[in-house]
Chemist: 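Please read through the structure below; I'll follow up with questions.
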Amino acid sequence: MAYGGYDWNRRLGDYISSVADALNSQNGGQLSTLISVSRGSYCNVVAAGLDQNKGQDVNRLSRQLEKVAPLGEMLGQHMRCMQYFVNRRFVDSYNALEKSANAFLQEFRNWESAWAMKALHTVAYELRTIAEMADKEMASNGKIPDKLKGAGSFLMKVFGALAGKGPKRVGALYVTCQLFKIYFKLGTVHLCRSVIRSIETARVFDFEEFPIRDRVTYMYYTGRLEVFNDQFVLADQKLMYALVHCDPLKKNNIRMVLKYLIPVKLSLGVMPSKLLLERYGLLEYKEVIQALRTGDIRLLRQALQTNEDQFLRSGVYLVLEKLELQCYRRLMRKIHIIQKQKDPGRAHQVKMDCVLKALKWLNIEMDIDEVECIMAILIYRNYIKGYFSHKSKVVVLSKQDPFPALTAMT
Amino acid sequence: MAGVGDEYDSRRNFYPDPGNAWDGQPYDPVSQQQPNWYSYYPPQQLDDRGQAGQEGIAVPPLPAMPPPQAPLPPGLTTTPTWSVSDQGVANGGNNTTYTGHSSYSHLPQQGQEYTGYGTSEIQQAVNYAHPQTANGSQPYAQGYAGYNYMPDQNAYNHQGYNNNCFQKHGTESYTQNVGAPYAPPNQYQLTDATLYASTSNYYDLNGYQSAGSRGEGGQGQASWSDPKQGQYSYTSYAVQNVDTNAAYGTAKLNPEDNVQFAPDYSQQWADYYASLNAVPQTDTESTVALQAASSAPAAPTPAPSYASVVAAPAAQQPPPPGTAAHHYSWQAAAASYAVSQSSQDSTIAEASGAGTPWNANANLTSQTHWNPSSNQTSQSDHFNQSQFPPLDKHPRTPVNQHHQQSQVTHNLQQQQQSKSPKLHIVTNPRITATIGSLGSGKETHKPAYISVPAKKSSSSVSTDAVADATLQAESFPSSLRTYVERALSRCKDESQKATCQEIMKDMITRASKDGTLFTRDWDTEPLFQLPAPSSSSVKKETVQHNNSTKSEWSPARRLKTRWEPPATVNSDDKPGRVHGFHNSFREGGHDLSKEDSTQSHSKWEKREDLWIKSTIAGNEHLKNMSKRGLKRLRKGILSQGGENGSSDSEEEHAHGVHLGSLSTADTPEEKERRQNRFKRFDRGKDSGRGGKGSGRGERGPAAGSASARRATALQLALNSGDGQNGRAVEDIDWDSLTIRGTCQEVEKRYLRLTSAPDPNTVRPEDVLKRALEMVKSTTKSYLFRCEQFKSIRQDLTVQRIRNEFTVQVYETHARMALEAGDLPEYNQCQTQLKSLYGDGIKGCSNEFAAYSLLYILFNRGNSRDLLSAMAKLTEEGRKDEVVKHALEVRHAVAIGNYTTFFRLYRTAPVLSPCLMDSHAEKMRFEAVKFMTRSYRPTIPVASVARVLGFIIEPNSEGENEELEECEEWLRAHGAYLQFDSTISELVMEAKLSQTSLFMPEPEDAVPHGDANLALNDFFSRS
């Protein structure tokens, strides 16, 4: 190192002074930059300083820390966290960060205004990020990773400090989103519910008052939750909100929203354009959509099979799977159209034989019982208007609007 | 299309000038196309595509276009999509609180809830007036005596027996009260609690009697008098009490006054629920405080100092009456009562929830707070019964007479009480444990008192005194008190606190000088900077943490918000506390059972001690637990009952260990008293590890020490359950704690362990192998085999055998359970198997993956679980026949394809049909619903029978029978069947049946909802 010990000490001192300045001037943004670990530029400075220091100058340091009282304890831990982070000891880093965050949160509670919100958000972000890294480290060491879970509990605490009335509430949604990220990552999605309820039941605070980026993230995650619950209409609403409000420059975010919005829209009978898929690289849906358009059940099954892993992981598999009925509907519709061209008078009677032939042509082996069953389901679900005559094995379509719009059904 | 345009318009609107912004970007071409990129099927496009992409089949434009989606769903901000009923038990805590809060902020509701209070208050006031005149010379005792006594008079018509009792009690409380004002504040707290204890001891009777005799209003009064007089017994209690009475007396029981009280209290509660900050004080309380102060001369203490303690916000230990302290003691109550709730019949909790007017109006949150009050009474009834056998017999009869109008709660409780009280305690160990747990604080929390002097250094006392002297107690606005509390709550140690108090004293003096004391908004006043804690004091604190649980339940530190999950509330690890808590339960349990046998009437003092402890235990505990935590607490208690395999003796051990560590920090007299008590318990005063086995003769000393080690480990494990110190568990050397069985019996009855496993009764692996063979080959009933399996599993578990044999046992048992339709048992095995396969132990993992898939599909219906189960399937696993079948079944169920489902049902491999059984009925019903909706005019029953799997093989001999079965089934589900002569077949009238279908109540339905638990049915199946 080109710098001597003194120099590093001076730099540490500078760092601490600037934290003290930020505190005294209540400059949340400045403080946030200063305490950022994983994406801050001060991290290396602090870490190098502490490494050089090697504990020789503890007194000096602690004297310096007194400048930032009441956050002295917090900053001490935080600097240690930075040091560990740079040295890639993430578990230690996380532990130090949690202590630091705890001290910070206690102070934050006492501040009446929300000036330090940005800094608190940084802490929340770092908690999650470093916890993820720590979990990776623990897993590779054969330990049971629990840091992210711990971060989840801690963020609940942070959420508790924000979720009440008052100026701090505006920051609650950010923490909520961080919690969502943790819960989705851990697969403990059921924990989201309590947070959601506290956000949605609070009439005191209008949802629109939250910062837009948090609103988009929130809607994205709650939309995904609705997909899990098979609540497609709600999912559509939420994901559309996210899409509409998402920064158009954040291509990847839009893609993430679309990844869930497209299946939801499909199940509501709305198809995206090819261009959209290409623009956002969502080509895994291409064949599904193609199949839906053509009524090609075989293609749909193939598409699901080829992308099964991907769809299972993202959780849309079960949604896409149910599109099969729409596919049958489209097939029926095509048959109906052909019949209409041939014989408009009898076009509303679709014989089972025709359907069987069409399916056979698609290489799908089904016997008449199965097709009957599918017809019964289609009629029951109102995908087709009409009835099925068991005696003559004919689907009699309604003369008026035999294929009602899917979008009108919900 | 308009929709597209609209949507993009809104986008553009949102980003004020997208064109410009995008022009500068490399995305330029895209922005040109932007209006199209999420096209909702514009007709032209479809046309094109239809012509081009559909193999020559021309498709005209679809008539029905999807309507444009509203770009901003209007319902978004106002959709509470999570219905209350949906509210999971697991995470209800936070949210119920929240809803609780919101409902509390509605005034009309308050009105409803609290009217009862207003009226009953009058009656109470009447009661109070009487003793005051009769017994004026002893204000303290009189307050109590009157309070306890009067309802008794109502109920018992002046029985001399009662008089004695209460007089004694009265004096007791009196002496303590007298001592209180003179004593240093640290003992103040003690007296406080003692007072509380003694009141609540008696209070239960009052609660009942007053409630009973007053019918409707009575319950309100019971609830209200509970918090106000019974449980809010602070040092100021007597004074307050007397004074309140006096106030009522002079006001001639003006009902308006009382009614006014009600909203105030409700306000207080609302505040409590809403409080993320300290609870603002209501006017009522301050007036009460003032009254207390002004009436102080009546007390045998110098007025100023007394008032200072009462009103001085800085006096932390006895918090100002009616402020947060109320709530804390409430919390304490709630905690200890939650314990009782969990331990008592759930019906009681329910009854009290439903029966009381309060609860009827209140929401969940309030229930958790209120239920306890009724439970508490019942609990202390047990208590009194055990203490005074003659007493409880005596009053019960009149009570019952008076209670004819009373609520379900009381009736229930009385029913309970009408049983032999002793028997009750003995037969229900949980209750004993609970009561004990209330008394538990005795040992574990004693140090808490001791640590108080350290906390309340003389400087702080004098500070209070000075502040009071300068300011007079009356002059404190309530918000200031909360402010002070807030400030103090930040303090981490004594020196800091002292400094804070100095600062605040200055502040208050300044404020009062320039007259801003009342005008300033203390609620929004920023807190001053906290002085740095001195290192020595920090050290001291850690020591204290190790030795005691001192600071954890001090009110000022309890300013936590209800948002916080319990696990993280105490983010600093304090194993000692957790120990203390767990132990407290056990300790209490033993205390009581022991005391039961050695009880005598002269044990007042101890009784009270128990109650003090109970307060504190509860207090401390509730602080640690949010509402969610309470639930966990209950669970924890239950699980400690045996689920963790923790034995009584283990508990004693663990407890003993703890005792040893705790009993160090005592004042001499405390110590002496406690030692006496210890002697009474027949247990050495340093009942550390090892020495405890003596009580139970079964185990030798070696086993004793082993179990002591285990107990320690168990404690660590329990602590880590809070997710706080998982590291400790890793350090446990489980191998050295594992036992090796020596039992050679092949057959063994299953008994859920209630003590540490005894190697003499545990079979080693080779014997277990023989046992497995025996069970496999036996022809005895499922019940026998299941029991044998369970005992084998137990022996495997306690010896921590996890190998292929273990897998074999679980697989065999799982299959057997499936065959018998015992799904709960199957699920237990499945869970274990999952973890065993996860450890890489070989077995039929594919087969069981398939079962698991079907089980999730049919029994949980959660698409997330299903997805994760599917995602876990391996590539090779998917090729497995059973898995393939399961996946196909899943697909059929997803689509609703009943034909395929019943075909798969028929061809299901191995035990899959057993799992499908449960769903077949549902699927059939769905199918018939589909059919009746879609088929016109009729469907032949034969084809229904074929499709729905009634006919297994067409054209076989049994077909007619199967057809009849189907016919019966259809009729049973409300289908219209008739004979169609044209095809000479029985047909189902689709249109008529469509509306008449219903799902009949299952014939084997059992009241408790789990048919597997119906023994008769179970025997018949096995």
Side-chain angles (χ1 to χ4, degrees), chain A residues 66 69-70 72 102 110 112 146 153-154 156-157 159-160 163-164 189 191 193-194 196-198 200-201 207-208 228 230 234 237 240-241 244-245 248 269-273 275-276 279 294 312-313 315 318 321-322 324-325 334 337-338 369-370 373 375-377 379-380 387-390 405 407, chain B residues 10-11 14-15 18 30 33 36-41 54 57 59 64 66-67 69 71 73 75-77 80-82 88 91 94-95 98 276 490 524 526-527 529-530 532 561 563-565 567-568 571 723 726 863-864 867 870-871 894-900 930-931 933-936 939 947:
Chain A
E66 276 168 22
N102 204 18
N110 292 329
E112 292 294 329
D146 61 351
S153 321
F154 188 86
M156 264 315 275
K157 212 163 138 186
F159 181 76
V189 191
L191 294 174
R193 258 204 267 173
S194 58
I196 289 174
R197 211 177 286 122
S198 76
E200 298 202 345
T201 51
F207 184 74
E208 295 295 322
F228 279 138
D230 286 346
L234 285 175
Q237 285 173 359
M240 273 311 283
Y241 185 98
V244 167
H245 291 82
V270 181
M271 303 237 183
S273 75
L275 226 89
L276 177 80
R279 166 143 167 60
T294 54
L312 276 178
R313 255 184 288 116
L318 299 180
E321 183 188 52
K322 293 195 180 94
E324 198 172 292
L325 285 177
K334 278 183 170 180
I337 289 162
I338 298 170
D369 278 352
E370 279 177 87
C373 170
M375 292 307 131
I377 297 169
I379 295 170
Y380 180 83
Y387 66 88
F388 184 81
S389 163
H390 185 268
T407 44
Chain B
S10 76
R11 262 182 100 85
F14 199 82
Y15 294 103
V30 188
Q33 292 160 350
N36 280 331
W37 62 249
Y38 204 100
S39 72
Y40 292 128
Y41 240 155
Q54 301 200 359
I57 305 174
V59 178
Q69 296 290 318
L76 268 182
T77 48
T81 51
W82 310 88
N91 59 1
N94 272 341
N95 306 297
Y98 200 83
L276 290 171
R490 298 183 305 164
T524 54
L527 291 172
Q529 279 212 336
L530 205 60
T561 72
W563 296 103
E564 292 164 16
T568 52
S571 55
S863 63
R864 258 197 332 273
L867 277 168
M870 284 173 73
I895 301 286
N897 191 332
Y898 47 85
T899 311
T900 318
F930 287 2
M931 285 175 174
R933 167 77 176 77
S934 327
Y935 284 60
R936 291 290 180 274
I939 326 148
V947 169

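In what follows, chains carry the letters A, B, and so on, assigned in the order in which the sequence lines appear, proteins first and then strands, with residues in each chain numbered from 1.
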Chemist: Can you confirm whether A:Tyr387 is buried at OH, in the sense that more than 12 heavy atoms of other residues, nucleotides or ligands lie under 6.0 Å from that atom?
Modeler: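 Open.
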Chemist: Say you draw a straight line from CD1 of A:Ile379 to OH of B:Tyr935; how long is it, rounded to the nearest 0.5 Å?
Modeler: 8.5 Å
Chemist: How far apart are the closest heavy atoms of A:Tyr380 and B:Ser934, and which atoms are they?
Modeler: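 Closest pair (atom of A:Tyr380, atom of B:Ser934, distance): N-OG, 3.9 Å.
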Chemist: I need the minimum non-hydrogen distance between A:Lys322 and B:Ile895, along with the two atoms involved.
Modeler: CA-CD1, 4.3 Å
Chemist: Under a 4.5 Å cutoff for heavy-atom pairs, which residue among B:Met870, B:Arg864, B:Met931 has the most contacts with chain A?
Modeler: B:Arg864
Chemist: Of all heavy-atom pairs between B:Ala894 and A:Glu321, which one has the smallest distance, and what is that distance?
Modeler: CB-OE1, 3.2 Å
Chemist: Looking at B:Gly896 and A:Cys373, what are the two nearest heavy atoms and their distance?
Modeler: O-SG, 4.4 Å
Chemist: What is the distance from atom OG1 of B:Thr900 to atom CD of A:Glu370, rounded to the nearest 0.5 Å?
Modeler: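 One gets 4.0 Å once the value is rounded to the nearest 0.5 Å.
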